[in-house]
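Okay, here's the structure, questions in a sec.
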Amino acid sequence: GADAETNLAAVNDSPLKSSTPLGGGLSASTKLEEHEKGSLVRKDFPPSDAIRAPEKQVAAEVLGSQVAHAMGVDAPAVHKVGDHSVVMEKVSGKTWAEQAATRPPASIIESRQGKMLGLFDVLVANPDRNHGNWMTDDDGNIVGIDHGLAFGGWSAGVGSPFAGHLVNAEGNNWANSIDISPGDMATIRSRLDSLGPAFRDAGRSDWHSDMMERLDALAPRATGTED
């Protein structure tokens with residue numbers, strides 16, 4: 001949330017003590033930085049449009065984090081520090097790729113956290129939920145990371161390993177029934193609608209409109225019961 005972003009900014013502004021390169025994706029250079037006021041992860045995007053324009057990746061990281069928090073999905077807070085760079089919270093845990101070489105079990109995919117991560121991926125059109133782009137933290141919670149390619153193609157998120165419950169068996173339409181309650185969908189819609197100004201300020205109102213269209217297509221199919 002906003003408090004976490006403010007704290008990130010304060011940590012980033014404090015003196016740098018050490019910087020350690022981390023294994024990152026193709027689209028960014030990632031480092032773990034230890035500052036006087038705490039630790040954070042820095043991502044610098046190269047000034048090239050080969051994968052995606054860096055300013056779009058920065059916006060997707062920041063806005064994706066805000067959407068996740070609005071939905072109650074675990075994801076690190078992200079703070080923009082330039083057109084080509086962001087800093088984010090350090091998550092104590094391991095990516096699934098570091099833990100296993102196989103598809104995660106149903107106990108993870110079909111958990112409430114898993115289903116909500118899948119809904120998040122579909123709503124933000126995230127095409128990149130590979131096993132290096134989600135973690136389990138030290139408490140066993142599922143944490144989504146690396147959202148620089150989100151808000152791309154309209155249906156890009158359906159390929160997420162967590163999104164199967166939102167798609168029909170043929171893979172050509174939304175599922176007729178989604179195991180999320182109508183009340184939860186209404187709450188999510190209200191919270192995401194309130195992010196409109198943040199998207200507008202970032203010059204990405206079209207991303208917000210597309211996200212709300214996807215939500216409105218899914219909402220009538222929500223038939224789950226309240227937890």
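Below, all heavy atoms of this structure are taken into account, side chains as well, without hydrogens, waters or symmetry copies. Along the sequence shown, residues are numbered consecutively beginning with 1.
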If you measure only the distance, is there a donor-acceptor pair under 3.5 Å linking the side chains of R129 and H147?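 Yes - a donor-acceptor pair under 3.5 Å links their side chains.
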For the residue pair I142 and D74, establish whether any side-chain heavy-atom pair is separated by less than 4.5 Å.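 No, their side chains stay 4.5 Å or more apart.
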Are N130 and D128 close enough that a side-chain donor and a side-chain acceptor fall under 3.5 Å?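 Result is yes, a qualifying pair exists.
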Would you call K94 and D137 a salt bridge, using N to O less than 4.0 angstrom?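 Result for this pair is no, no salt bridge flagged.
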Checking E34 side chain against S18 main chain: does a donor-acceptor pair fall under 3.5 Å?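 Absent.
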Has the side chain of S39 got a donor or acceptor atom that lies under 3.5 Å from a matching backbone atom of H35?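 It does not hold such a pair.
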Side chains of D44 and S85: any donor to acceptor distance under 3.5 Å?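 Yes, side-chain donor-acceptor contact under 3.5 Å.
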Less than 4.0 angstrom from a charged side-chain N to a carboxylate O is my criterion; do E110 and K115 meet it?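 No salt bridge links E110 with K115.
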Give a yes or no on whether K56 atom NZ has more than 12 heavy-atom contacts from other residues, nucleotides or ligands under 6.0 Å away.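 Result for NZ/K56: open.
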Salt bridge check, R112 against D184: does any charged N sit closer than 4.0 Å to a carboxylate O?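 Salt bridge present between D184 and R112.
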Quiz question: by atom type and distance under 3.5 Å, do the side chains of T225 and S181 form a donor-acceptor pair?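 No - no donor-acceptor pair under 3.5 Å links their side chains.
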Taking the basic N atoms (NZ, or NE/NH1/NH2) and the acidic carboxylate oxygens, is any pair closer than 4.0 Å for D83 and K80?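 A salt bridge links D83 with K80.
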From L40, V78, I145, T30, residue fulfilling side-chain contact (heavy atoms from CB on, under 4.5 Å) relative to M88: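 Between M88 and the candidates, side-chain contact (heavy atoms from CB on, under 4.5 Å) is satisfied uniquely by V78.
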Please determine, by modelled atom types, if N172 and N168 share a side-chain donor-acceptor pair under 3.5 angstrom.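 Present: a donor and an acceptor within the cut-off.
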Does the pair K37/D13 count as a salt bridge with the N-to-O cut at 4.0 Å?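 The answer is no: the pair does not qualify as a salt bridge.
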Donor-acceptor check, side chain of S160 to backbone of G157, threshold 3.5 angstrom: yes or no?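 No, because the side chain of S160 does not come within donor-acceptor range (under 3.5 Å) of the backbone of G157.
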With rounding to the nearest 0.5 angstrom, report the CH2 to OG1 distance, W96 to T136.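 It is 7.0 Å, given to the nearest 0.5 Å.
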Answer yes or no: is there a side-chain heavy-atom contact under 4.5 Å between V11 and E33?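 Contact flag for V11/E33 side chains = no.
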